[in-house]
Participant: 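Sharing a structure here in structure tokens format.
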Amino acid sequence: MSSSDYLAELNEVQRQAVECTQGPVMIIAGAGSGKTRVLTYRIAHLIRGGIDPFNILSLTFTNKAAREMKDRITSIVGNNGKNLWMGTFHSVFAKILRIEAQKIGFPSNFTIYDAEDSKSLLKDIIRELGLDEKIYKPALVYNRISAAKNMLISSQAYSLNERIMSEDKLSAKPRISEVYAKYSNRCFKAAAMDFDDLLFKTNVLLRDHPDMLQKYQEKFRYILVDEYQDTNFSQYVIVKQLAARFENICVVGDDAQSIYSFRGANIQNILNFEKDYPDLKTFKLEQNYRSTQTIVNAANSVIANNKEQLNKKVWTDNVTGEKIRVMRALTDNEEGYQVARSVFDRRMNDQARPSDFAILYRTNAQSRAMEEALRKLNIPYKIYGGLSFYHRKEIKDLLAYFRLAINPHDEEAIKRIINYPVRGIGQTSIEKIILAASDNDVSIWTVIDNLADFKLDINSGTAGKINDFAVMIKNFGRMAESKPAYEAGNSIANASGIARDLYNDKTPEGVSRHENIQELLNALKEFSDEQATEPREPRESQTLESFMQDIALLTDTDKDDKDDNNRVSLMTIHAAKGLEFPYVFIVGLEENLFPSQMALSSREDLEEERRLFYVALTRAEKTATLSYAVSRYKWGNLINCEPSRFISELDEQHIEMPVLPVSQDEETWGVRSPKSFSYKRNQTDTAKKNLPGSTEKTPAPKNLLRLKNNNLSAAPNYNPEDLRDLAAGMQVLHERFGTGTVVSMEGIFPNNKATVQFPSVGQKQLLLRFARLKIV
DNA sequence: GGAGGCCTCGGAAGG
DNA sequence: CGAGGCCTCC
């Protein structure tokens, strides 16, 4: 492309934001206002203006965003752009911490623990301290420690902080500070950092080493931060420190799209940015290029309900477009069916491609109904989210060996594979080793590698096996150092026994696990080959160590997808941030689901849910369709649902409500009081059974009709009244749809059995609800 | 060490 | 309901 006329592609405000390169700048970028374009052109403009890319730091929200932006910039300014420091906070500062590690007492080959590693370590510590795991749940303790680190509160400061300590006492967990202290110590001994440490230790580095602060202030003369509304305190301080010398700081964000406060993001960072830099220049990108007027205006009408926001007015001169349709379904399954049908019709009428559609939901659990319905209509789809490649067991197992080859002190990696594949080192021996390490304040590896010195009560056979393990790991370490990444990795996979172990497993899961291992090795091979063509320092960059550096920071979206990509996208709204689709369906718009039940107690939480809805709506280019169900399965029980308040917050002129008015429908169907619908065996009986001393088993359910493959059978003590409900419901179905048929109910239930046929899954479930049925 | 029974618990999710 | 953890039993 022609690289010189990029400024011509920008509107007036965008161009000003690009050209204003000196001093503090805040760009408030409304949804669909060309934010990415401004950011990339701004950087390109800096480089063209003679700024060395080495002096530019650009921080993004995801690795994917960084990669795409870097490619774009390189296409404008040439290969020089590759020298940019661009990446997520975590990847950039991990890189710096590896360079400066010795300043804070870490080796540069430190391991990065992912959340799973951290929780597993916390679990061990909680046990070692003799605390009750049911009270000190590892996930909860992890969140608590994470929140503290994000507020730059060390374990010492934590124990001295009266507010935090009294919070912990109040929640009956007064000893979290001890867990925190021990956790930090164990990470240090293992030469490991968790995700939050990457930011926390960067802060320590910059705070305690003025030379370091100065060095990086000088280096990063131009700093850009994307998605600034989602930064936390720790990130805020890093940016503030680094920018303090030159104040060439540019933050880009949209307060209306701040949706990550639950993990520490602080919307105040953007709301108060002006206070930090009084001579700040602010640019507001308010023209939306993505969506129809209807969608932009509807989204505005929703967000207007929020109190706390920066003043801006997003507008568009795109076409008016279709009204936002609201669909109403009987159950979650019928909702899926209706959505799938709409996708099907759109494909026909608009000649749209599957990849033009997105189905967005509040919780991952909602994907199932959508998935089933799409499959029935043969519509290709892809579900985003769920278990990532790098978090699969077999992948983490092999990576644990790689980790040990690079840093044998890595405690979590040792615990993971010291006895996998099985080599006769049992739980008892491992516990003795951990205890010895703890008593002597050394790492587990130090004990393993010098077993004889610690005089453990371990029999000589096991001691020999532990010794063999140590020899193997040291051998792997030498391989990692001397051989290129792929060669070393492949040897380790074989010599460790992992490859063989999985190869011998011929179950479908085993085969798939073996394939995953192969895929990881392929990635390693690609990495080796790719690095070999790079001009700079060919040796160093080809090692297993360099491959492993950021592996903990990768996620599935970073993996190339070689599959056919012409598919309907199914994902949570959080995952959809930054994406856009011509046709968007937002499903499950029910009070207590979206907004989530847990967000109803505070104004702040509710406002964040509303921003989430705003994000969802503004993903749409051509049409947005909302849907809700009047009843939905939750943990096996059918519960009643009310339409979400967000539907009524939409300006009426932009929406088209369902054809069936609610009142008429309820009359036809004769809805009862909500409580009687759900079958509550679980709550009441389990509660009773759990009373101390009670031996009562869950009693056989009463009033229960069972439905299996359309065969209906009744419990012996079945209440005849419910049978009348069933008959009445079937009658209504028949009248209304003409298709619902009772195949055999003569004599009303001969032998307590009947066969029924339902016109659709949704109607079947509505009927079940009528008769208080339970699917078996 | 693996299979199977029992209990518990259930938010969204980047790095 | 169903996933995941834990315990028990072989």
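Letters go in sequence order (proteins before strands), and every chain restarts at 1. Note that these values count all heavy atoms, side chains included, but never hydrogens, waters or copies made by symmetry. As the structure is a prediction and not an experimental result, all values here were calculated from the model.
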Participant: Quick one: is C:dC6 close enough that its OP1 or OP2 comes under 4.0 Å of any side-chain N or O from A:Arg127?
Facilitator: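 So the side-chain polar atoms of A:Arg127 do come within 4.0 Å of the phosphate oxygens OP1 or OP2 of C:dC6, strictly under.
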Participant: What about the rings of A:Tyr113 and A:Tyr183, do their centers lie closer together than 6.0 Å?
Facilitator: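 No.
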Participant: Does a nitrogen or oxygen in the side chain of A:Asn232 sit under 4.0 Å from OP1 or OP2 of B:dG15?
Facilitator: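 Answer no for this pair, as no side-chain N or O of A:Asn232 is under 4.0 Å from OP1 or OP2.
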Participant: Between P on B:dC9 and CD on A:Glu133, what's the gap in Å once rounded to a whole number?
Facilitator: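 It is 13 Å, rounded to the nearest whole Å.
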Participant: Counting any heavy atom closer than 4.0 Å, what does A:Thr88 reach on the DNA or RNA strands: base, sugar-phosphate only, or nothing?
Facilitator: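 Touches sugar-phosphate only.
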Participant: So, do A:Phe262 and B:dA12 meet the stacking rule of ring centres under 5.5 Å and planes under 30°?
Facilitator: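 A stacking contact exists, since A:Phe262 sits close and nearly parallel to the base ring of B:dA12.
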Participant: When you measure from the side chain of A:Asn63, which nucleotide among B:dG15, B:dG1, B:dG11 comes out closest?
Facilitator: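 Minimum distance to the A:Asn63 side chain belongs to B:dG15.
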Participant: In whole Å, I'd like the distance from the NZ atom of A:Lys137 to the C1' atom of C:dG5.
Facilitator: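 Atom NZ in A:Lys137 sits about 13 Å away from atom C1' in C:dG5.
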Participant: Round to the nearest Å and state the distance from A:Gln257 atom CD to B:dG14 atom C1'.
Facilitator: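 A:Gln257 atom CD is separated from B:dG14 atom C1' by 16 Å.
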Participant: Please report the distance, rounded to the nearest Å, between CG in A:Leu606 and P in B:dA12.
Facilitator: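 Nearest whole value for this atom pair: 18 Å.
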Participant: Could one point to a donor on the side chain of A:Gln427 or the base of B:dG1 with an acceptor on the other under 3.5 Å away?
Facilitator: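 When only heavy-atom distances are counted, A:Gln427 does not reach the base of B:dG1 through any donor-acceptor pair under 3.5 Å.
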Participant: Rounding to a whole Å, what distance do you find between A:Lys134:NZ and C:dG4:P?
Facilitator: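 Result: 19 Å.
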Participant: Is it true that A:Arg416 and A:Glu412 have a side-chain N and a carboxylate O under 4.0 angstrom from each other?
Facilitator: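 Answer for the salt bridge query: no.
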Participant: Could you pick out which residue, A:Met598 or A:Val422, lies toward the 5' side of DNA chain B when each is mapped onto its nearest nucleotide?
Facilitator: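 The residue closer to the strand's 5' end, by nearest nucleotide, is A:Val422.
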Participant: Find which nucleotide of DNA chain B each of A:Ala115 and A:Ile259 is nearest to by heavy atoms, and output the residue with the more 5' nucleotide.
Facilitator: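 It is A:Ile259 whose nearest nucleotide is closer to the 5' end.
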Participant: Cation-pi check, A:Lys393 to A:Tyr420: give yes when NZ or CZ is under 6.0 Å from the six-membered ring centre and within 45° of the ring axis, no otherwise.
Facilitator: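 Yes, A:Lys393 and A:Tyr420 form such a contact.
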Participant: For the pair made of CD in A:Glu227 and P in B:dG14, what is the distance, rounded to whole Å?
Facilitator: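 It is 13 Å, rounded to the nearest whole Å.
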Participant: Send over the distance from A:His90 NE2 to B:dG15 C1', rounded to a whole Å.
Facilitator: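 Distance check: A:His90 NE2 to B:dG15 C1' gives 5 Å.
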Participant: Kindly confirm or rule out a cation-pi arrangement of A:Lys465 over A:Phe469, judged by NZ or CZ under 6.0 Å from the six-membered ring centre and within 45° of its axis?
Facilitator: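 Relative to the ring axis of A:Phe469, which defines the angle, A:Lys465 lies outside at least one limit.
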Participant: Salt-bridge test for A:Lys35 and A:Asp254: reply yes if a basic N is under 4.0 Å from a carboxylate O, no otherwise.
Facilitator: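 Here A:Lys35 does not pair with A:Asp254 in a salt bridge, since their nearest N and O are not under 4.0 Å apart.
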Participant: What nucleotide among B:dA12, B:dG14, B:dG11 has an atom nearest to a side-chain atom of A:Thr62?
Facilitator: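 Of the options given, the side chain of A:Thr62 lies nearest B:dG14.
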Participant: Nearest of B:dG14, B:dA12, C:dG5 to any side-chain atom of A:Lys123?
Facilitator: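 So the nucleotide nearest the side chain must be C:dG5.
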Participant: Can you tell me the distance, in whole Å, between the CG atom of A:Asn364 and the P atom of C:dG2?
Facilitator: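 In whole Å, C:dG2 P and A:Asn364 CG are 17 Å from each other.
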